[in-house]
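Residues take their numbers from the sequence shown, with the count starting at 1.
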Amino acid sequence: MTNPRNFALLLALALVLAFSGCDAARKARQTGTDIKDKAAKSVSGQAHDGTIKIGAIFSVTGSASYLGEPEKKTAEMLEEQINAAGGVLGKKLDIIVYDDEGDEAKTQELAKKLLFEDQVLAIIGPSRSGNTMAIKDLMTQNKTVLISCAAAEAIVDPLSPWVFKVYQKDSFVARHILQHLKDSGITRIAMLYGNTGFGQEGFRQMKAFAPEFGVTIGYDAHYEPSATEGDFETLLTKVKADRSLQAVVNWSILPAQSIVPSKMKQLGLNLPLYHSHGFGNIQYARNAGGAAEGVIFPAGRLIVAYDLPDDHPQKNVLVNYRRAYEERYKEDISTFGGHAYDAIYILVNALEKAGVSNDKEALRKAVESVEFMGTGGLYRYTPEDHNGLGMDSLNLLTIRNGEFELLNQ
């Protein structure tokens with residue numbers, strides 16, 4: 001026979017467990033509701049307290065800080081300028097900037113934070129191609145506009161309805177380089193590239209287009225972000241040993257690319273040197289010293305803005321941004337800060353075109369029809385083209401007396 005005291009204890013325990021179960025179920029249901037609400041907010045893009053929240057992920061520190069730092073500074077400057085002029089659609093623009101340190105896993109974490117915690121309307125960045133590819137699917141699944149500041153063509157090919165980029169296409173850059181090689185009578189080259197998404201995509205584009213221009217890549221090698229002078233000496237000694245090679249092409253955004261011209265000079269490797277558009281920061285040239293003289297590379301016109309004729313359709317945009325940036329930060333402009341400029345103003349133009357500040361689908365459609373003169377060129381996005389630039393967005397530049405100049409000036 002059950003002891004009455006034990007029975008009472010068992011009954012009390014059963015009641016506690018029952019209520020606990022109900023509470024757990026309630027919490028589980030509430031958590032599910034919170035997740036659904038969070039996803040719904042991610043899709044709608046809510047405005048908060050009279051502000052429009054835009055996220056930004058840049059590589060402000062780490063091996064790609066030459067990209068991310070000017071992008072962050074540009075975002076801060078434009079936020080201040082836009083709000084001083086009345087904001088967007090009568091609302092204050094709030095650009096929330098995070099530093100991914102060049103780390104792809106961190107980029108993913110920060111994108112989720114912007115989407116689900118900060119509940120931003122759109123995201124600009126990341127700075128690097130690999131980091132952009134790391135969140136391309138996430139942005140598509142959460143139906144939020146991403147305007148990347150990175151270059152790789154794979155960012156917009158295959159096309160995602162939600163992902164755009166402002167950097168000129170790698171295929172355009174490859175074709176500019178290859179055309180100049182052809183015009184110079186060069187048919188066999190060595191190609192070095194950084195072992196990053198940017199470098200790998202550049203090598204892929206050069207391989208794809210080289211036969212069209214009668215150019216053969218006779219030697220290729222990649223290098224890591226941590227590459228040293230010794231590593232480049234090994235690679236370039238192999239280039240020097242092959243007398244059939246007529247030029248060197250280096251495709252990278254890594255600071256280590258500055259070692260290439262100086263090491264070629266030390267080795268007496270007297271071949272023409274071409275860089276990609278990733279060379280568009282004057283510090284790269286200065287780090288190489290006098291060895292960078294004569295380097296040829298395609299880039300946008302921001303870094304040669306003052307050399308353009310007064311009637312050039314980009315000149316006012318380029319000079320105004322460049323002057324404001326250099327006066328504010330007391331440092332030289334780079335093409336990379338210009339990518340943030342273009343991404344932000346494309347969003348601002350699209351918001352004004354859409355006429356609403358909390359509708360992600362309306363924003364996406366507006367971005368797809370934007371026509372905007374930026375630092376990268378004239379952007380004409382369409383549902384089929386999420387880069388929006390043409391071959392004419394690039395010029396061949398060179399280094400003369402330690403400064404960027406138009407090659408044919």
Assess the pair Tyr274 and His180: is the distance between their ring centroids shorter than 6.0 Å? yes
Backbone N/O of Leu267 and side chain of Lys240: donor-acceptor pair under 3.5 Å: yes
Ignoring hydrogens and angles, tell me if any N or O in the side chain of His275 forms a donor-acceptor pair with the backbone of Val295 under 3.5 Å. no
Hey, does the side chain of Glu326 reach the backbone of Ile333 with a donor-acceptor pair shorter than 3.5 angstrom? yes
Looking at Asp342 and Gly376, would you say the former's side chain and the latter's main chain have a donor-acceptor pair under 3.5 Å? yes
Do the side chain of Lys265 and the main chain of Gly290 share a donor and acceptor less than 3.5 angstrom apart? no
Measuring from Leu363:CG to Glu368:CD, what's the distance to the nearest 0.5 Å? 10.5 Å
Please determine which of Tyr379, Phe372, Tyr381 meets the ring pair (Phe, Tyr, Trp, His ring centres under 6.0 Å) test together with Phe164. Tyr381
Answer yes or no: are there more than 12 heavy-atom neighbours, outside Lys365 itself, under 6.0 Å from its atom NZ? no
Carboxylate-amine/guanidinium proximity below 4.0 Å for Glu403 and Arg286: yes
Sub-3.5 Å donor-acceptor pair from the side chain of Tyr329 to the main-chain atoms of Pro70, do we have one? no
Donor-acceptor pair, Lys143 side chain versus Glu361 backbone, under 3.5 Å? no
We want to know whether Asp231 and Thr228 form a side-chain donor-acceptor pair, criterion being a heavy-atom distance below 3.5 angstrom. yes
Heavy-atom closest pair (Asp157 atom, Lys136 atom, distance to 0.1 Å) is N-NZ, 4.3 Å
Distance col, row Met191:CE vs Ile177:CD1, nearest 0.5 angstrom, shows 7.0 Å
One should read off an interatomic distance between Met139 CE and Leu115 CG, to the nearest 0.5 angstrom, of 5.0 Å
Any Lys/Arg nitrogen of Lys263 or Glu229 sitting under 4.0 Å from an Asp/Glu carboxylate oxygen of the other? yes
Any chance the side chains of Tyr193 and Ser276 put a donor and an acceptor closer than 3.5 Å? no
Considering non-hydrogen atoms only, spot the tightest contact between Met264 and Val248 and give its length. CE-CG2, 4.0 Å
Any idea how Tyr284 and Tyr66 line up, ring-wise: parallel (<30°), tilted (30 to 60°), or perpendicular (>60°)? tilted
Which residue, Phe336, Phe198, Phe172, forms the ring pair (Phe, Tyr, Trp, His ring centres under 6.0 Å) with His277? Phe198
Please report the interatomic distance CG(Leu67) to CD1(Ile253), rounded to the nearest 0.5 Å. 4.5 Å
Lys73 and its salt bridge (Lys or Arg N to Asp or Glu O under 4.0 Å) partner, picked from Glu76, Glu69, Glu71: Glu69
Go through it in stages, so that I can follow the logic: the residues are Leu397 and Glu405, the test is side chain to side chain contact (heavy atoms under 4.5 Å, CB included), and I'd like the CA-CA distance, side-chain angles, deciding distance and then a yes or no. CA-CA 6 Å; Leu397 308 185; Glu405 288 190 10; over 6 Å; no
Test: Arg204 and Glu153 ion pair at under 4.0 Å: no
Set out, in order, the CA-CA distance, both residues' side-chain angles and the distance that settles side chain to side chain contact (heavy atoms under 4.5 Å, CB included) for Asn408 and Leu396, then state yes or no. CA-CA 8 Å; Asn408 296 321; Leu396 285 176; 5.7 Å; no
Distance col, row Ser148:OG vs Ile57:CD1, nearest 0.5 angstrom, shows 10.0 Å
Ile296 vs Leu407, side chain to side chain contact (heavy atoms under 4.5 Å, CB included): CA-CA, chis, key distance, verdict: CA-CA 7 Å; Ile296 297 170; Leu407 178 63; 4.2 Å; yes
Could you tell me whether the side chain of Arg400 and the main chain of Leu406 form a donor-acceptor pair under 3.5 Å? yes
Strictly distance-based, threshold 3.5 Å: is any side-chain N or O of Glu352 a donor or acceptor partner for the main-chain N or O of Val88? no
Report yes if the side chains of Tyr306 and Arg323 come closer than 4.5 Å at any heavy-atom pair, otherwise no. yes
Is there a donor-acceptor contact under 3.5 Å linking the side chains of Arg188 and Ser244? yes
Shortest non-hydrogen pair, Ala343 vs Ile124, comes out as CB-CG2, 3.8 Å
Quick one: side chains of residues 206-223, donor-acceptor pairs under 3.5 Å with protein atoms, not counting sequence neighbours, listed by atom name and distance.
residue : atom : partner : partner atom : Å
Tyr223  : OH   : Asn250  : OD1          : 2.8
Tyr223  : OH   : Asn250  : ND2          : 3.4
Tyr223  : OH   : Ser252  : OG           : 3.3

Roughly how far apart are Ser127 OG and Glu101 CD, rounded to 0.5 Å? 12.0 Å
Examine distances only and state if a side-chain atom of Lys165 and a backbone atom of Tyr167 form a donor-acceptor pair shorter than 3.5 Å. yes
Under 3.5 Å, is there a donor-acceptor pair linking the side chains of Asn287 and Gln283? yes
Tell me, with the steps shown, if Arg128 and Ser63 meet side chain to side chain contact (heavy atoms under 4.5 Å, CB included). CA-CA 11 Å; Arg128 298 177 65 171; Ser63 62; 3.4 Å; yes
How about Glu201 and Gln205: does a side-chain donor come under 3.5 Å of a side-chain acceptor? yes
Output yes when Glu109 and Lys112 qualify as a salt bridge under the 4.0 Å nitrogen-oxygen rule, no when they do not. no
Other residues, nucleotides, ligands: >12 heavy atoms within 6.0 Å of Asp183 CG: yes
